[in-house]
Each structure stands twice: as C-alpha cells, then as structure tokens.
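The structure appears right after this line, and notes come after that.
Note on naming: letters A, B, ... go to the chains in the order of the sequence lines (proteins, then strands), and numbering restarts at 1 for each one.
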Number of protein chains: 2
Amino acid sequence: MIDVSAEKGSSTPLYIQIANSLRRQINEGRIATGDALPSERDLCELTGASRVTIRKAVGQLIEEGLLFRKQGSGTFVSQRIEVPGTYLSGFSDDAHARGQEPGCIWLMKNYANPTVEEAAVLKVPTTSKVARLGRVRLSEGEPLAIEHAIVVASLLPPIEEIGDSLYAALEKSGNRPALGHQKVRASLATPTEAGLLSIGENSEILRIERVTRLADGTIIEFTRSAYRGDRYDFVTELR
Amino acid sequence: MIDVSAEKGSSTPLYIQIANSLRRQINEGRIATGDALPSERDLCELTGASRVTIRKAVGQLIEEGLLFRKQGSGTFVSQRIEVPGTYLSGFSDDAHARGQEPGCIWLMKNYANPTVEEAAVLKVPTTSKVARLGRVRLSEGEPLAIEHAIVVASLLPPIEEIGDSLYAALEKSGNRPALGHQKVRASLATPTEAGLLSIGENSEILRIERVTRLADGTIIEFTRSAYRGDRYDFVTELR
DNA sequence: AAGTGGTCTAGACCACATA
DNA sequence: ATGTGGTCTAGACCACTTC
C-alpha cells in the first residue's frame, strides 16, 4: 500500500513533498511499472490534500516522464527511462556527470571588442566590452574539444576570478543561464584544430554554436566549440 | 489595452482560449518585449475566469518561453526567441516547417527480423517482426539524408499503406511518438553514402540515432540517419 | 452506472518586491 | 503598505473509460 507522508511544519510546498514521496516509492518499486497510481481522489484522502494540489504533484512527475495519464482510466507508472536529460550543462558538469575528470588549457582569456558577427549574435554594440575565453577542454587528460566563448563582460566576474568552469563563474555573479539555443553541425578539422586536439587533418569534428540567455531573455554568452567526432556524442531528449 | 475574448459556447478549454488570446496579442506586439502583463487578478476581471484558470493559461506561455514570472513583481514578456523548439518532428514536418518541399526515394520497405543490436535497442526478441524502412530524403529535389528506420511491426499500419512520412503513418494507427532520445555524432561519409547523397567520399556527415517511445514508454522506432554535414544544422533549444 | 482524469470556481493566506 | 506571484482548499460539472 502507498503511504504519503506530508510534514506540516515544513516550508517546502505540499505538492513538492507529495511529488517527492510518490517519486521515491516509484523508484523503490513499491508501485510497479505499468501499474496504476491510486486515483487522484484517493490520494486526496491519503494525504489530506485537495485535488488541485494532488494534480500539481502528479503533474510534476508527468513532466519528468515518470508517470503518464490516461483519461477516464487512471495514472500509470511509465517504463524506465534512463536519463532525464542533461539540459544546459557546461563541459565541466558534463564530464563530472560522466564520471570523468575535466581538464583545461587556456588559449586566451582577455577583454576585447566583439566582432561584427559576435556583436550581432549577442545583440550588443561592437564598441561594448566582452570577455574572450578560448580553451582546450580535456577529459581524463586527453583533448576533447576546443571552446571559444564570448561573454558580455558586465554579466561576468572579473576574468582573473574565473576558474575552469564558465558556468560556475556566471552562477557566482548571479547570472545563471536559463535558456539556450544550440546548432550542431558535422565538419572537418582544420590543421590548427587537428593540432590542438591531437587528431589528423580532415578528421570528423562536431561543431556546436551555443547562445545562452538569462530567464528574462538577455543574451549572456556565444560559444563556438569543436568537439572530436570520434569521441563525442551529442545526446538530446525529445518530447 | 489588452482585451481577452473568451467564447462561451466553444468546446476548447477556457485556459487554452485565454493562452491563445494572450499569445496572439504578444506576437502582434500589443504587449511589448520586457513589459509586464496585467496582473493575474486583473486578468481574472478582464476574462471573468478564476485565478487558477488564468495561472494555467499563463503557465502554458511560460513553458513556451514567451513569458517569465518574477515573484512579487509581475509576469513579463520575454525577448524574442525565434523558434519554440522543433521537438520530435520527422523529416517531412521539418522540411515543411522550413518552407521546403520534402522528397523521398525508397531503398527498402519490407518486414524482417531485427538484428541482435536492433532487438536490444527496441527491447523485443530477435524473432519478432519489424518493418525495415530505408529512404533517401530529399529537400527541394536534392538528397539531404539517408534514413534507416526499424519499427516494431505491430505498432505500424501494413507497410503498403505507409506514405513518405513515417510519423504520419504512426499517427494514423494511434501510436504517435511522445518521447524520444537522440545521439548526434560527426562522422565521414562511406563510399555508398557518398554516392546516395551526391557528395565526395570522406565528406562530413552528421549521424543521428533516434529511439522514440509512446507516452507509456513502449519503444516504437529505432532510426539511424546520415545527414549531409554541409547542408544540415541540427538545432536544439535548452532549458 | 460507476470511476477516472479534465476543467473550473471563489475564496484564502503566504512570501516577496517595490515604493 | 500595497501589489505581485506562490500555494492551497472544498467543492462542482464534464468527457471518457470500463464494466
């Protein structure tokens, strides 16, 4: 039987407590894959919450892909799906998530004016100040990618304070990227890139252009990367 | 001033009508970028709907990225973001969305048993029946990609009834894919691929492996594609 | 006919932002 | 202090599924 605990004194919203409680029990297998959840009205009685609140809790788990609803029939536990989707993470986070140790060789780290193209993408004047961050990214000591980030300087801490992770630096100054847009293209390595990545000329390269924004839409960063095609798979979840 | 019409007789839910009405007015520029929406309570009065309904309508537009909320302050119009994200669309839909005419040359279209790898991905026995659909995909008459789809036969209409769009066929049998997972990799064209795509050997190729599922998690389809790297950008939105 | 999710209302109190 | 979004309740009716 399902039990749903709901602490009264807690400051976390009730619907999140209920969602967490349900998620835990599903993950523990107390509700089997394909089985129906108790009906929303039953959950109301079990938790003492109103139906709107129950629906909000269940809605959370549906967005996570853990449950799905069938009108007139019930709410059911989805079949297992491995990863929820690693949205908008940077290279360092990605590497850690894969259990690898990220490394970094700085190619450039200075302030400059944006090029015309960069200014157009960032929607700032060409006279404004941007940080130009060029890095070779390593994983387990092996070069995996070249990243060239252009960041609006006013949104970033002083560049001397920036460690290997750009996103950690943005976080520190309260400008966590919330939205983004990526273009991925297959291409061939230029001689320079081949050298930096220790691969042959004309080897396959995955080029990624990323533009990220704050929640209010302000553009923060324009990054062009070149990933080794033989080592890197770009993975996305679809809905 | 904002006006929000809400037809009473209509069968479409109120919150969707309101969301549509707001979306239209934002797109028409009647509420400027960066401006605040009327408060939720004001929208209640303007529409005659309750606050829960207003919040559901606004929530829709926030998921679309059109609006964002600031607690204690208001709900604001995001800066323009081009495309809402072309999630889980097929080649035909994509081409139409770009305003291009898709074409298709069939390489194979038959029933068979899955290979060991395919069976593992689809989570079906190697003795089960699958449809094997091989196509060269054209856009504006030019070959753009090679697609090789393996589909669980029981979820598909008889293959004779399948037109150029696999997703349209799945839709017809009530098995619209709802979830998916993609891997994108840069690679080089094999001689066969080069021939089918009218490009040189060892040209850049974007390889995409896609696994799609029904809402309940049942795996439908495993598709391996090879896109011309010089013509195709793979675009994703990040959150 | 009974049970389920889908939608909707009219209130209420809280935490946060702004002035 | 006022207004905003964030949460929550106790009901209600509808459409759909299942028996």
_Within the 3.5 Å criterion, strictly below it, is a donor on A/T223 or A/E147 matched to an acceptor on the partner's side chain?_
no

_Distance-only polar pair, side chains of A/E117 and A/T115, donor-acceptor under 3.5 Å_ = no

*Are a donor atom and an acceptor atom from the side chains of A/R23 and A/N20 found within less than 3.5 Å of each other?*
yes

*asked:* Between B/R51 and B/E45, does any side-chain N to carboxylate O distance fall below 4.0 Å?
replied: no

*asked:* For the OH atom of B/Y232 and the CZ atom of B/R137, what is their distance to the nearest 0.5 Å?
replied: 11.0 Å

*asked:* What is the distance, to the nearest angstrom, from the CZ atom on A/F68 to the C1' atom on C/dT4?
replied: 14 Å

*Salt-bridge present (B/R224, B/E209; N to O < 4.0 Å)*: no

*asked:* Can you see if the side chain of B/R69 gets near the phosphate of D/dG6 - specifically, an N or O under 4.0 Å from OP1 or OP2?
replied: yes

*Would a distance-only check, ignoring hydrogens and angles, find a side-chain to backbone donor-acceptor pair under 3.5 Å from B/T47 to B/L43?*
yes

Give every pair of a protein N or O atom and an N or O atom of nucleotides 8-12 of chain D that lie under 3.5 Å apart, one pair per line with the distance.
{"unit_1": "D/dC8", "atom_1": "OP1", "unit_2": "A/L14", "atom_2": "N", "d": "2.2"}
{"unit_1": "D/dC8", "atom_1": "OP2", "unit_2": "A/Y15", "atom_2": "N", "d": "3.2"}
{"unit_1": "D/dT9", "atom_1": "OP2", "unit_2": "A/S50", "atom_2": "N", "d": "2.8"}
{"unit_1": "D/dT9", "atom_1": "OP2", "unit_2": "A/S50", "atom_2": "OG", "d": "2.9"}
{"unit_1": "D/dT9", "atom_1": "OP2", "unit_2": "A/T53", "atom_2": "OG1", "d": "2.5"}
{"unit_1": "D/dA12", "atom_1": "N6", "unit_2": "A/R51", "atom_2": "NH1", "d": "3.3"}

Please list, for nucleotides 17-19 of chain C, all pairs of protein and nucleotide N/O atoms separated by less than 3.5 Å.
{"unit_1": "C/dA17", "atom_1": "O4'", "unit_2": "B/G72", "atom_2": "O", "d": "3.4"}

Hey, can you pull the donor-acceptor pairs under 3.5 Å for the side chains in residues 65-77 of chain A, sequence neighbours left out?
{"unit_1": "A/R69", "atom_1": "NH1", "unit_2": "A/E40", "atom_2": "OE2", "d": "3.0"}

